[in-house]
Student: 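I'd like to ask some things about the structure below.
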Amino acid sequence: MGLSPARGAPAPVRPDRAYAAGMQRSTGEHWIALAAVVAAFVPAVRGVLEVTIVFVPGRWLVAGAVIGAVGAAVVLVAAHRSGARATVTFALATLLYAVSWPVPGVIGSFLDLIGIGLLLGFGVLVVRGSTGYRRVLGWIVAVGAAGLVVGHFALSWFFPLTLVSQTALDVIVVAPSIVQAVTYGAAGVLFLPPLLRPVGAGVRTLWSSAEVR
C-alpha cells in the first residue's frame with residue numbers, strides 16, 4: 001500500500017510548474033525593470049539633448065512624456081502591489097516629471113518640483129538601504145535632485161540673471177540640464193541589474209565553453 005500524504009500537509013509542487021512560475025516571475029521582473037529604466041532615461045536623455053542641441057522639438061518632448069509616463073505607471077502599479085516604498089517613490093517622481101511638461105504655467109512647474117522632491121526622497125531611501133555601488137548611485141541621485149530643487153527656485157524667483165555675464169548665463173542655463181541627465185541616469189542604472197543578469201550568465205556560459213577558450 002502506498003503512503004498517502006499527511007492530512008493538512010502541502011501538496012508537492014511539480015517541477016515543471018515550479019519552473020514555469022519562476023520563469024513568469026523572472027520575465028515580470030525584467031519587464032518592470034525595463035519600464036523603470038525607460039522612465040528614468042527619458043528625462044536623462046532630454047537633459048542631454050537640451051545641452052547638445054539646445055532646442056528640443058516639441059514632438060520629441062511629447063513622445064518622451066508619453067513613453068516615460070507609461071513606464072512610470074507600470075512601475076508604480078508593480079511597486080505598490082509588492083510594497084516597495086523606494087520604488088513607489090521613484091515611480092511617482094518620474095510620473096510627475098512626465099505629466100508636468102504638457103501642463104502649462106505654475107501648475108506644471110509645481111508638479112515638476114514635487115517630482116524632483118520625490119526623486120530626492122528616492123535617493124535618500126537608496127542610500128539608507130543599500131551598500132556598495134548602489135549606495136554611491138543613491139548619493140548621486142540625492143545630491144543631484146537637491147541641486148535641481150535649488151536650481152528650480154534660484155532660476156524661477158531669486159537669481160538676478162541680469163547681473164551676470166553672457167558666459168555665466170550660458171552656464172547657469174545649461175547646468176540644470178546636465179544635472180538632470182546625471183541624476184535621472186543614475187536612477188535608471190539602479191534598475192539595470194535584472195536586465196543585465198541574463199547577459200552576464202550568457203557570457204559566463206560562453207567563457208566556460210571550450211569553443212571560446
Side-chain angles (χ1 to χ4, degrees), residues 8-45 64-101 103 107-108 110-149 180 182-201:
V13 179
R14 290 175 52 183
D16 55 344
R17 292 183 179 178
Y19 176 77
M23 287 296 294
Q24 289 177 355
R25 286 195 300 269
S26 178
T27 303
E29 289 176 357
H30 291 164
W31 281 110
I32 295 169
L34 178 61
V37 170
V38 169
F41 281 4
V42 164
V45 170
V66 172
I67 294 172
V70 171
V74 170
V75 177
L76 179 60
V77 172
H80 177 70
R81 288 179 176 176
S82 63
R85 185 175 60 169
T87 307
V88 168
T89 306
F90 162 82
L92 288 173
T94 50
L95 182 61
L96 285 177
Y97 175 88
V99 302
S100 67
W101 180 83
V103 179
I107 296 178
F110 185 66
L111 291 175
D112 183 39
L113 182 59
I114 295 176
I116 296 172
L118 288 170
L119 188 66
L120 172 59
F122 168 69
V124 172
L125 289 173
V126 173
V127 169
R128 293 178 59 184
S130 303
T131 58
Y133 80 94
R134 293 183 61 83
R135 187 180 179 89
V136 174
L137 291 172
W139 274 113
I140 294 174
V141 173
V143 173
L148 290 175
V149 170
Q180 174 176 307
V182 173
T183 303
Y184 282 94
V189 172
L190 285 167
F191 293 93
L192 278 178
L195 301 177
L196 297 180
R197 275 195 291 266
V199 177

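Note that the structure is predicted; figures quoted are calculated from it, not measured.
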Student: Could you pull out the closest heavy-atom pair between G68 and A98, with the gap in Å?
Tutor: C-CB, 4.1 Å

Student: G115 and A93: which non-hydrogen atoms are nearest, and at how many Å?
Tutor: O-CB, 3.3 Å

Student: Hey, does Y184 have a side-chain heavy atom less than 4.5 Å from the side chain of L119?
Tutor: yes

Student: Just verifying a value: how many Å separate L113 CG and Y97 OH, rounded to the nearest 0.5 Å?
Tutor: 14.0 Å

Student: Could you grab the distance from atom CG of L120 to atom OG1 of T89, nearest 0.5 Å is fine?
Tutor: 11.0 Å

Student: Which atom names give the shortest non-hydrogen contact between T94 and A72, and what distance separates them?
Tutor: OG1-CB, 3.3 Å

Student: Search all heavy atoms of A187 against all heavy atoms of A40 and return the closest pair with its distance.
Tutor: C-CB, 4.3 Å

Student: Between E29 and P194, which heavy-atom pair has the shortest distance, and what is it?
Tutor: O-CB, 4.5 Å

Student: Quick one: pull up CG in L190 and CZ in R135 and give me the separation to the nearest 0.5 Å.
Tutor: 13.0 Å

Student: Does L96 reach the side chain of D112, with side-chain heavy atoms less than 4.5 Å apart?
Tutor: no

Student: Determine whether a donor-acceptor pair (N or O, by modelled atom type, separation under 3.5 Å) exists between the side chain of S82 and the backbone of A79.
Tutor: yes

Student: Shortest non-hydrogen contact from G188 to F41?
Tutor: CA-CE1, 3.7 Å

Student: Report the distance from atom CG of L76 to atom CD1 of I32, rounding to the nearest 0.5 Å.
Tutor: 11.5 Å

Student: Evaluate the ring planes of F191 and F122, with Trp represented by its six-membered ring, and classify them as parallel (under 30°), tilted (30 to 60°) or perpendicular (over 60°).
Tutor: parallel

Student: Is any side-chain heavy atom of L118 closer than 4.5 Å to one of I114?
Tutor: yes

Student: Quick check for you: to the nearest 0.5 Å, what is the distance between L196 atom CG and H30 atom NE2?
Tutor: 9.5 Å

Student: Distance from L137 atom CG to S130 atom OG, nearest 0.5 Å?
Tutor: 9.0 Å

Student: Between R134 (side chain only) and V126 (backbone N and O only), is there a donor and an acceptor less than 3.5 Å apart?
Tutor: no

